[in-house]
Amino acid sequence: MKSEDILRRLRIEVSGAVQGVGFRPFVFRIAGEIGLTGWVCNSPQGAVIEAEGSGEMLQRFLLRLRTDAPRHADIRDLRSSNLGPAGYGSFEVRDSHLSGPKTAVVLPDIATCADCLGEIFDRNDRRYLYPFTNCTNCGPRYSILDALPYDRLRTTMKGFTMCARCRVEYEDPGDRRFHAQPNACPECGPQMRLRNAAGTILEERHEALLQAATAIRGGGIVAMKGVGGFHLVVDGRNPGAIARLRQRKLRDEKPFALMFPGIETVRMHCRLYDLE
């Protein structure tokens, strides 16, 4: 037997922003493409991998971990150590490790990707007009986190049990929602409701969104509750609404955050107001 054909096992510890970015599905996929066996899981420090195969296969695997990582991933450190063969029969995504210091990096929420936007505006899609649509490439991350490592049961999504179709997506290695922790749909996920100051429900689902937008355009203040908490919304072009919000927040001078639909709109407003 050639030395390069001898079965080897590597334990690989990866730190950085590798949770909530599709890193485990990525590892699962490239391990399958190369023909490795073993497992990957999250840990409080990042991700842990045990991969078994020939020396040449493992070298290819280590290279691709760095060169082909998901675009939102940020690998700060990658350490590997040799172990004796374990005889794994397949490669799998395992439950997270919970021991050790909590040093993993979780990214801020990521804007809805083009694929999810396509579903939201597709009348024939089951997520048509569903505002909480997300996948491993987008959606809430840091704002829904309760504890590390980043798994659904340690986020504010733990109270929403995935329906059968969402569960199939979550468990399918070929689906972009494979291990997407906030995965949801209109059948099983969070819903929109518009309430007045007394707590009475005025509208639900998409109509609630439309009526909230109408209230904002009319100068109202809308308290928007999402899976990550509350934020208060007013029309940034309405001085009266901004003044009322400042009064209620006791925030006389500190700037408010502005939301724009895209960078070109930001540039247009900068030109309009002669801002750098």
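This one's a predicted model, so the numbers in the text were calculated from it and none came from an experiment. What's counted below: heavy atoms across the whole structure, side chains too, no hydrogens, waters or symmetry copies. Counting begins at 1 with the first residue of the sequence.
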*asked:* Regarding Thr155 and Asp146, do their side chains bring together a donor and an acceptor under 3.5 Å, going by distance alone?
replied: no
*Hydrophobic cluster mates of Trp39, side-chain heavy atoms under 4.5 angstrom, ILVMFWY only, any path?*
Val48, Tyr88
Without placing hydrogens or testing angles, list every side-chain donor-acceptor pair under 3.5 Å for residues 248-259, not counting sequence neighbours.
{"residue": "Arg251", "atom": "NE", "partner": "Lys254", "partner atom": "O", "Å": "3.4"}
{"residue": "Arg251", "atom": "NH2", "partner": "Pro255", "partner atom": "O", "Å": "2.6"}

*Considering residues, nucleotides and ligands other than Tyr128, do more than 12 of their heavy atoms fall under 6.0 Å from its OH?*
yes
*So, Glu204 side chain and Met192 main chain: donor-acceptor pair closer than 3.5 Å or not?*
no
_Within this structure, what is the CG-CG distance for the pair Leu58 and Leu10, rounded to the nearest 0.5 Å?_
4.5 Å
*How many angstroms lie between CG in Asp68 and CD in Glu33, if you round to the nearest 0.5 Å?*
8.5 Å
*asked:* Side-chain heavy atoms under 4.5 Å apart, restricted to Ile/Leu/Val/Met/Phe/Trp/Tyr: what other residues fall into the cluster of Leu98, or is it alone?
replied: none
*asked:* Can you tell me how far apart OG (Ser54) and CD1 (Ile6) are? Round to the nearest 0.5 Å.
replied: 10.5 Å
*asked:* Applying side chain to side chain donor-acceptor pair (under 3.5 Å), can you list everything that pairs with Asn238, at least two apart in sequence or on another chain?
replied: none
_SB check Asp125 Arg123 (cutoff 4.0 Å)_ = no
*Hey, does the side chain of Thr200 reach the backbone of Asn196 with a donor-acceptor pair shorter than 3.5 angstrom?*
no
*For Arg66, check side chain to side chain donor-acceptor pair (under 3.5 Å) against everything at least two apart and list the hits.*
none
*Could you tell me whether Glu203 and Arg193 have a side-chain N and a carboxylate O separated by less than 4.0 Å?*
no
*asked:* Taking side-chain hydrogen bond (donor to acceptor under 3.5 Å, both in side chains) as the cut-off, I'd like each qualifying pair that reaches into residues 93-107, sequence neighbours left out, listed once.
replied: Glu92-Arg94, Ser96-Asp151
_Value rounded to 0.5 Å, distance of NE2 in His72 from SG in Cys113_ = 8.0 Å
Under 3.5 Å, side-chain donor or acceptor atoms of residues 184-191 against the rest of the protein: list the pairs with distances, not counting sequence neighbours.
{"residue": "Gln191", "atom": "OE1", "partner": "Arg205", "partner atom": "NH1", "Å": "3.4"}
{"residue": "Gln191", "atom": "NE2", "partner": "Pro186", "partner atom": "O", "Å": "2.5"}

*Taking side chain to side chain donor-acceptor pair (under 3.5 Å) as the test, write out the residues that go with Arg79, two or more places apart.*
Asp77
Distance-only donor-acceptor hits, side chain of residues 207-226, under 3.5 Å, sequence neighbours excluded:
{"residue": "Glu207", "atom": "OE2", "partner": "Gln211", "partner atom": "NE2", "Å": "3.0"}
{"residue": "Thr214", "atom": "OG1", "partner": "Leu210", "partner atom": "O", "Å": "3.1"}

*Sequence neighbours excluded - side-chain hydrogen bond (donor to acceptor under 3.5 Å, both in side chains) pairs with any residue from residues 130-141*: none
*Nearest 0.5 Å, what's the CG-CZ distance between Leu36 and Arg8?*
11.0 Å
*asked:* Using 0.5 Å steps for rounding, measure from the CG atom of Asn183 to the CZ atom of Arg152.
replied: 6.5 Å
*Between Arg176 and Glu119, does at least one N-O distance fall below 4.0 Å, as a salt bridge requires?*
yes
*asked:* Could you work out, with side chain to side chain donor-acceptor pair (under 3.5 Å) as the rule, every residue matching Arg267, not counting sequence neighbours?
replied: Glu264
_Members besides Met268 in its Ile/Leu/Val/Met/Phe/Trp/Tyr cluster (side-chain heavy atoms under 4.5 Å)_ = none
_Phe91 and Phe28 aromatic ring geometry - parallel, tilted or perpendicular at 30°/60° bounds_ = perpendicular
*After noting the C-alpha distance and the side-chain angles of Arg127 and Glu169, does the key distance pass the salt bridge (charged side-chain N to carboxylate O under 4.0 Å, His left out) rule?*
CA-CA 13 Å; Arg127 289 185 171 88; Glu169 294 171 335; 2.8 Å; yes
